[in-house]
Amino acid sequence: MESYQHDVFFEAKSLSDEELGQIQLYFKIKRKSGGGDCEIYKVGNSTYKISFMDKKAQERVLERKDHVIKAEGQEEIHVSLKRENVADSSKQPTASANQKCASAKSVEKVLKLDHYLLRFFSECKSQYSDLETRLSKVSSTFEINIDCEELVVTRDPAAADVFPLKKWEFAVDEVFETLKSRYIIHFEVERDKYAILEENSFLQSDKLKMYFEELTSLAVVVGERTEVEKILKFLSGLQDKQQIQQQCCVSEKQYDLIKEQFEPYIKANLPTLKIAQERAGVVLLKGPEKEVQAGEKELLKLALGIKEKRIPSHRALLTFLESSGSVQRFQNRFQQSLRSPVLLETSGSDLLLLSLSDGALEEAATAVQRDVCLETVRLENTQKSSAFNTLKEDLSEAVRQANRESVKVELKYQDESTTDPKVQLVGYTTEVSKLKNIVLEYKMNHQNHHATLPLPRPEMAAHFPEILAMTGVKKSSVEIKPMCLPSPCVHLTGPRCEVESLKDSLDSFLQSLATKQCDVKGPGVQQFFQGEGARTLQLVKNSYLVAILPIDDKRERGKVPRYMSSISLQPSASASASSQDSLDFDKEINIKVVVGSLEQQQADVFIAPMIQANMTSTLIGSSLLNKAGRQLQNNFNNAKGNQTLKPGDVLEVDATPALGCSKVFFMECAPKGNKHNSEKALRSGLGRVFELCEQNSWGSVALPVIGPGMVLSIPVKDAVNILTHEICEFLSGPTGHLHSIHITIMPNYAHSEEMFQTICGNLSAKMVDNAGQALFHSLTSDLDEIIMPVHGIELHLVFGDITNETTDAIVNTTDFKDFQTAGVCKDILTKAGPQIQTQLTGAQVASGQIFTTPPGGFPCKTIMHVCGERNPDVIKTLAKEIVVQCEQGRYRSVAIPAICAGQGGLAPNVVAKSILEGVKEGIQGANLQHLKNIRIILLKINVFLAFQATAKQIFGGNIQLTAPGPLVPTSVTTRGHSGSTRSRSHSLPLPVALDLTSLVTSLPDTENIAAFLVIGHTNNEVSDACRELQRAYEDQCSTQTFSPDEIERLTQGEMNQLLSKVDSLHLQIEQSSSDRWVVKGLKDGVNEVVRLIQDALRRQVREKDQIFLFSQVTWCILGPRGNWQKVPKDMNFKLEKGDVKGGIVDAQGVKWTVDLRTMKATARDSRQVTALKRLENLSDFTLPIYWDNMSQSDPLKVIDLDQSSTEYKTVKADFKKTVTKTVLKIQRIQNMNLRRLYEGRKIELENRNDPSVRAGEMILYHGTSEASCSLIMKSNFNRNFAGQNATVYGHGTYFAVNASYSAQDTYAVPAADGTQLMFVARVLTGNYTLGKADMRTPPVRVAPDLCYDSVVDNVQNPTMFVVFHDCQAYPDYLITFK
């Protein structure tokens, strides 16, 4: 460091290392700063020292004390140099250093300014004058001393008082601070810019001066800031115009080879030319045009002298050279050993060598090709050898050793999962050769060898491991693969020496073995040895030291066809019903009554009526065509073709995608005019429809009630009766496919309510037959009751008549004026009595208020009378107030009608919104403790649907469809249909008469054989083992015989079970010489057959008891729609015996818990509670299911019906279809003697008449007087009284089709209190004809003495029936009305 002795100093705040480096570089460059070789140090908090090696350099930099250092992208660095390290305490000199006293009163201030700035002020008069003016304002003069780089400012002595010292100094400093901001100095050290400034020195003015130092090529620009900045901008622009740049395509490697020659040339000859490599393969030259052109020429000349050599190489080798650092190692080696450097790079699939010498290039190429290589060695199938893992370990260790200091070799396995694996070695030749020798040595020692050893039997190949275990051969690396095809053999694969040795050993052993085929015969023998006998096989193997191999000779021994398809059972005529009852099917039949049009439904088949083969002859057909489009008409025409359709025929037509079905069945009907023919065609057509659905495996069908429309004009009740009868007739037979029947009802049809009630009434009454068997699984509808839980209470939407309700409170809607117009109000008040109507008459009730009265004769606790005023707000207020008053009155239940939706004329949806919102507010606003049940009773279908839709909006997801939807079945029992594990064998099946000879000949041969190949060391061991196998099988067999009677008592279902067991358990059944049946086979299987036959005997005894009891006592359960249903025979037996601990299962398969004390049953799943009853039949008379129990000693019972019961509602609804008067009471007449005679007459007519007519039972009406009523109930209708009310159609008993006719005062004679009486009678009409006044008996129908059963007023559309036989009618109910 002693050589750097010539110091200069400068002050600066803390500088970064980068900034210090830039300053040092600047002062090292003579042409920029005038300096030379130097070092820079920090010697104080803000003082830095620059030490120069050369004294002249120190002097040159001090000639220009202020230096400006520019760096691209950074701010300028200003450095002011001093010869000595004198730290200034502030920017302004202290008074002692810079202040001199000229006299006692004059003061000077010496300011150090730049040499060039002082020259500028001296030479520019205007600037000098400006400075002079500024200082005179502070009473000062100045003197410029350029050599000393000083400006001396002197205060006027006279101004000492005006400008005291500190004030004056501050004012002088302000002047010079202003000058510093106005004037700037720029130092330009770049030679090209120096030249430009020198060429344009004429640009100088009073505001700008230029000074040029030729020795250091330094140009200084001094002047006003704006003028200096303007000239610098001009300088920069002019320089950019004079400079160019040129790209030269020279790669990095090429440049590395020539830069030692190129860069010194540039430094010496082209000093302003700049060199850069901005991107790969390109060298950028930038500077004056001449220098750039000269530089490019020199660069390309040198580049042309570069020689190259390409060595084609494998990609793996190139990758190794790059990744292992070998390229650099080769270059370093060539740098030291060759006369001229050689560089390496990869180019595509080549290794590229570059050099300036051809000789060096050839030497380098030879060295590379000699020193590195790539080898690929095939391993063939040696990778399967046990030594392959050892090879991998050895190679891995060798690679690790080779690469300890640097990467010299790499190894990679290829195609290991194939039959031709390889190992790839790449690296330095010496190391690759070492690894290759390891692989070749492995191949020589472990090359796979194949050999084949023939076997005498295919079983030996299939079970070769067992034979191998007998040999005692030690485990080796040889792979042993037995093969059965094309011929039995063993393939051996492994090292040659091991394979040959093992083959010789096995061949010798096989020659020494003893073998024998053992055939064990008998039923179930194969299953024995596959099951329990498998342990016997193992014991024999161990005991006799043999191998036992199963033989599969591909013969179809033991292949037994299923008995169900091979045996022909021929039941006798007496057994046919039982056989049919035993058929089980998988589908459950569900019937639903849907409100809506047919074309809106989804089903496999739609049913539509038509007349004269015209699909649009009915509104239903036209609606389907509108929905389906013209394609349906085309399909119809194609299906019809040239056919002539008769009434009752059905045309199957393909549906279109627009319809929700696959087929449309168009049913040809008879036009109106002949009621008998129309009904006959309708019955025939419906029967054919259901038959086609079953034949074609359709699962669902949708159909309307056909007949009541204008085209056919069949009365609603008759049309519904025909439809429901045909459905029940179809379901009473065997069904296996049809599982869903949808009956559609239009909501706004005039008779929609009547239609719905009749359909549900008819079907619910037939849901379970007289034997306790379910005809179908469920009956649901769109009008089923809806229950909504709302804040702890239940809100019900009920389709029905409020006058049938029995809640604590009943709401009556009235205008408080008209109490006589027929309707709900009149019915309620008539039933309540005149005293209640008197209270209402003249009552003054404010709007939105409730008028409450006692119930009178109405079965409730209070009646709330309201007037909705046809105002939705009033209705909402009333609904809320009803809830509040019920709670205050401690009523638990209330029934509310659709206020103002009927005669009030308001839209149903408006009424629904008002009532439901009012009820909701009433519930939410009160803390209900007593009211638990609110029932909204809706008489019309469209009103019910409106309330249903509105309830979904108001109560959302709380809606639950409940009664009378189907309960959850555990099993289902149906006639002709079963969808459960519970079979329909509640009734005792009649014995099946089997053709025993046919049975024997139809049975397949179940004799089968288990064949084994026994292999041992000696013949004796093999023979003993065969005998032991036969003995073991025989010990597990048994034989059982049965008499023909025991077999013949089986039902068809049990016989099917027997044959199924014989088949599945591989038993043999045959007939002995004594006609007894013999069952042979394994013991467990034979014992199962024995248990089956014994169970059949016990079942037969049990079912006889059940049938006998069923005829004596009938237990019934109240069904979901309020109809009594018989329970199945086995449940009937349990109930009668009191065996109900486990509950009962009804005909629909629903499980119930029973309380015999209260005669109540509770569904286990839904917890629904229903009633039970017990009917005790007489020996010659079975009580009707809807009767209450009665004894022989009490032949007549008159039962008042509960007005909330389904029975009451049904009778009342039929009556009200034609009568507007109020029903006060309905009584059921239970007269055993009269009913017994009536049922006898019914059987007589059914046996005598055609099946389409049978007894012709109808429900008709007969008005009566109070005087005659009792007599009729006791002794029936008496034709001897004919003539009291005319005998227009004969001297018999008259019955009306419509209740309105019998309600006339002439027939239903009013009593003193105005009440009237009418019987609802069951009448056997049979075959009828037109009556005449003189008839005392029906006329002859078929000569000589077969008469009609009744006469009518009009054969085509009768409204009156007359019977002449006293037992041909029965008074079923008595209605009291007013």
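Quick note: residue numbers are just sequence positions, from 1.
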Side chains of [X] and [Y]: closer than 4.5 Å at any heavy-atom pair?
X	Y	result
Ile745	Ile759	yes
Lys1197	Trp1187	no
Val1223	Gln1203	no
Leu1374	Cys1269	yes
Leu763	Leu775	no
Asn721	Thr758	yes
Phe799	Ile941	yes
Pro647	Asn677	no

Check the pair Leu1260, Val1297 against side chain to side chain contact (heavy atoms under 4.5 Å, CB included), reporting the backbone distance first and the verdict last. CA-CA 5 Å; Leu1260 303 175; Val1297 172; 4.1 Å; yes
Within 6.0 angstrom of [X] [atom1], more than 12 heavy atoms from elsewhere:
X	atom1	value
Lys1126	NZ	yes
Gln1304	CD	yes
Lys680	NZ	no
Leu645	CG	yes
Arg1336	CZ	no

Counting distance only, does the side-chain N/O of [X] pair as donor-acceptor with the main-chain N or O of [Y] below 3.5 Å?
X	Y	value
Ser752	Met746	yes
Gln1125	Gly1119	no
Glu679	Ile722	no
Ser1302	Ala1299	no
Gln1368	Leu1324	yes
Thr1315	Ala1311	no
Asp1194	Ser1191	no
Lys1221	Lys1216	no
Lys1173	Ile1185	yes
Asp1372	Val1320	no

Between [X] and [Y], which heavy-atom pair has the shortest distance, and what is it?
X	Y	value
Lys1378	Leu1224	CB-CD1, 3.8 Å
Tyr1261	Met1318	CD2-SD, 3.5 Å
Lys717	Glu754	N-OE2, 4.2 Å
Ile937	Gly800	CG2-O, 3.4 Å
Ser678	Pro671	OG-O, 3.3 Å
Glu805	Phe858	O-CE2, 3.8 Å

From [atom1] ([X]) to [atom2] ([Y]), nearest 0.5 Å:
X	Y	atom1	atom2	result
Leu1245	Glu1257	CG	CD	10.5 Å
Leu1196	Ser1270	CG	OG	8.0 Å
Gln1230	Asn1189	CD	CG	9.0 Å
Met1360	Tyr1289	CE	OH	7.0 Å
Met667	Leu686	CE	CG	4.5 Å
Met1273	Ser1268	CE	OG	11.0 Å

Do the rings of Tyr1370 and Tyr1238 sit parallel, tilted or perpendicular, given the 30° and 60° boundaries? tilted
In terms of relative ring orientation, are Phe1361 and Tyr1328 parallel, tilted or perpendicular, with 30° and 60° separating the classes? perpendicular
Report the C-alpha separation of Glu668 and Leu651 in whole Å, then their side-chain angles, then the decisive distance to 0.1 Å, and conclude whether the side chain to side chain contact (heavy atoms under 4.5 Å, CB included) test is met. CA-CA 8 Å; Glu668 181 69 17; Leu651 185 66; over 6 Å; no
Run through Thr1325, Thr1329, Asn1249 and flag the one making a side-chain hydrogen bond (donor to acceptor under 3.5 Å, both in side chains) with Asp1349. Asn1249
Just to verify, which of Arg1236, Arg1235, Lys1242 counts as forming a side-chain hydrogen bond (donor to acceptor under 3.5 Å, both in side chains) with Glu1239? Arg1235
Verify whether one side chain among [X] and [Y] offers a donor that lies under 3.5 Å from an acceptor in the other.
X	Y	answer
Gln1227	Asp1200	yes
Tyr1307	Tyr1301	yes
Asp1214	Tyr1373	no
Ser764	Asn1123	yes

Residues that Thr724 engages under side chain to side chain donor-acceptor pair (under 3.5 Å), provided they are two or more places apart: Asn762
Decide, yes or no, whether a salt bridge links Lys1212 with Asp801 under the criterion of side-chain N to carboxylate O below 4.0 Å. yes
As a quick check of understanding, evaluate side chain to side chain contact (heavy atoms under 4.5 Å, CB included) for Asn1276 and Leu1234, giving each step before the final call. CA-CA 7 Å; Asn1276 212 343; Leu1234 297 183; 3.7 Å; yes
Ser1300 vs Asn1298, side-chain hydrogen bond (donor to acceptor under 3.5 Å, both in side chains): CA-CA, chis, key distance, verdict: CA-CA 5 Å; Ser1300 58; Asn1298 297 320; 5.0 Å; no
Quick one: are the ring centres of Phe1295 and Phe1277 less than 6.0 Å apart? yes
Quick one, Asn1177 with Thr1114, criterion side chain to side chain contact (heavy atoms under 4.5 Å, CB included). Give me CA distance, side-chain angles, the key distance, then yes/no. CA-CA 7 Å; Asn1177 301 318; Thr1114 303; 3.2 Å; yes
